[in-house]
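Before any comments, here is the structure.
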Amino acid sequence: MQENDQENFKRELGLLDGTMLVVGSMIGSGIFIVSADIARQVGSAGWLTLIWLVSGLITIIAAVSYGELSAMFPKAGGQYVYLKEAYNKLIAFLYGWSFFAVIQTGTIAAVGVAFSKFAAYIFPPLSDENILFELGAFKLNAAQIVSIFTIVLLTYINSRGVKNGKILQTVLTIIKILSLLGLIVFGLTLAAKASVWDANWTDAWTPRSYNPENGSWLPISGKALITGISAAMVGSLFSSDAWNGVTFIAGEIKNPKRNVGFSLFLGTFIVTIIYVLTNLMYLAVIPLDEIATAKSDRVAVVASQYIFGDIGTLIIALMIMISTFACNNGLIMAGARVYYTMANDGLFFKKAAVLNGASVPEWALWAQCIWASALCLTGKYGDLLDFVIIIVLIFYILTIYGIFILRKKMPNAERPYKAFGYPFLPLLYIIVASAISVSLLITKFSTCGWGILIMLIGIPVYYLTKPKEV
């Protein structure tokens, strides 16, 4: 049944669309704000740049490793399918369960909230301080309404067919790339100061931690440095996440055996270059102390004010609104295909396996929309992101280890593309990502522990709901 159903998807996405989906889903609001937290954790220009570079490189390694899997299984569902083929239905279900419970929906909610935060810059009544309704401890604010409205609107656009979502994604992502490159170029040509750059790069490799209570810096080493790097990498890894969305939508990509893997590499490479250049621009324009203490962590706003003056805030607000809108379009489009594939395996609501007249899984799109909107109302998206990163890393590690398993399990299967640098680069990713995961569990157990718990709750759910074997 599933093979036939796969054929009902329309293959309307080319290499450009796939690459723009990767880039558009990766670049949300992180690059505009995360550098402040990284600067506070590690306190030097060298470490700040290195953390962005390492996050980018391990993301590229993961993406090119996924190329082998995407060429072997060029079907809707992507990572869920790879886990099912390498391991079993339980592991694949735990991924899909976590994906629906927090990974995709929590990220959609967080990106929606980022959109409304910056919309309030342009029109203040949309702020989260504008409380519209109160009932006991529950408060409904204008920003939550804006977030939910954008999620509903994008879900509706994507329910009308993949073509609408694709055009919106490609156009907005090109605008996003050009505006970020514009910010980098203007920053380096109009506002860069040799004195700021030199001061930031003096003692560039001396890690320090920022104490917000008295505004002082403390040198760190040993365990404190490992803790700082782990905490700093949550933000940069998050900003580099969601690249795997193109694998979920493989059923709608032309020549998927070539184009999925190629768009994974191109997309992650483009984003890594943009992220590192943006941070070098910050370091050329803003003193490190100001990066660390930027109001509400909005480093890009501070940079833009140095570059463009008072209108800079408005320019960045518009850029982030376009960026987060395109990011959520990509997340919403791709996510529903995972629930569709799970439903075909009898592991999700049956209706999610139905394609509408426009050949898209409309019911799955709206189910995702309702849960992501509910998460917007919790007001706990910051915690959600900590929950998410640990689960995301665990499943990336399992998926990339799946390449080793499948080489043994299916030695003669057709592999139009083989993982670059196998076995060394995939193994390097597994080691680095495992080290980050262990470090996160030790240093952020109160939130990452919840992430693990959410994932493990999926085990009883699986056995209670799985269809009886005939």
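With sequence neighbours excluded, the residues that form a side chain to side chain contact (heavy atoms under 4.5 Å, CB included) with Leu441 are Ile390, Phe445, Cys448, Ile452. Annotation: side-chain hydrogen bond (donor to acceptor under 3.5 Å, both in side chains) contacts of Gln368 (sequence neighbours excluded): Tyr339. In terms of the side-chain hydrogen bond (donor to acceptor under 3.5 Å, both in side chains) criterion, residue partners of Ser236 (sequence neighbours excluded) are, by chain and number, Ser55. Shown here are the side chain to side chain contact (heavy atoms under 4.5 Å, CB included) partners of Thr173, two or more places apart in sequence or in another chain: Met20, Val23, Gln169, Ile177, Ala326. Qualifying salt bridge (Lys or Arg N to Asp or Glu O under 4.0 Å) partners for Glu68, counting only residues two or more places apart in sequence or in other chains: Arg407, Arg415. Contacts of Val34 classified as side chain to side chain contact (heavy atoms under 4.5 Å, CB included), with partners at least two apart in sequence or in another chain: Ile38, Trp52, Ser239. Partners of Tyr429 under the side-chain hydrogen bond (donor to acceptor under 3.5 Å, both in side chains) rule, at least two apart in sequence or in another chain, do not exist in this structure. Thr272 meets the side-chain hydrogen bond (donor to acceptor under 3.5 Å, both in side chains) test with no other residue; sequence neighbours excluded.
Pairs engaging residues 322-341 under the salt bridge (Lys or Arg N to Asp or Glu O under 4.0 Å) rule: Glu252-Arg337 [sequence neighbours left out]. Identified under the salt bridge (Lys or Arg N to Asp or Glu O under 4.0 Å) test for residues 20-42, with sequence neighbours left out: Asp37-Arg40, Arg40-Asp297. Within the structure, salt bridge (Lys or Arg N to Asp or Glu O under 4.0 Å) pairs that include any residue of residues 159-186 comprise Asp17-Lys166, Arg160-Glu362 (at least two apart or interchain). Each salt bridge (Lys or Arg N to Asp or Glu O under 4.0 Å) pair with one or both residues in residues 253-264, not counting sequence neighbours, appears once here: Lys257-Glu414.
The nearest pair of heavy atoms linking Pro426 to Ala419 is CG-CB, 4.4 Å. Closest heavy-atom contact between Leu83 and Ala92: CB-CA, 4.1 Å. Minimum interatomic distance between Phe395 and Tyr66 (heavy atoms only, all atoms of both residues): O-OH, 4.3 Å. When all heavy atoms of Ile397 and Ser437 are compared, the pair lying nearest together is CD1-OG, 3.8 Å.
Residue Tyr401 places its OH atom among 12 or fewer non-hydrogen atoms of other residues, nucleotides or ligands, all under 6.0 Å distant. The number of heavy-atom neighbours closer than 6.0 Å to OH of Tyr417, taken from other residues, nucleotides and ligands shown, is above 12. Counting heavy atoms of neighbouring residues, nucleotides and ligands inside a 6.0 Å radius, atom NZ of Lys351 does not exceed 12 of them. Summarising the local packing, CZ of Phe138 is surrounded by more than 12 heavy atoms from other residues, nucleotides or ligands at distances under 6.0 Å. Under a cut-off of 6.0 angstrom, the local environment of CZ in Phe269 is sparse, with at most 12 non-hydrogen atoms contributed by other residues, nucleotides or ligands.
If you look at Tyr80 and Phe348, their ring centroids are not closer than 6.0 Å. The six-membered or imidazole ring of Phe9 lies near that of Tyr340, with a centre-to-centre distance under 6.0 Å.
Remark: the Thr324 side chain and the Ser29 side chain contain no N/O donor-acceptor pair separated by less than 3.5 Å.
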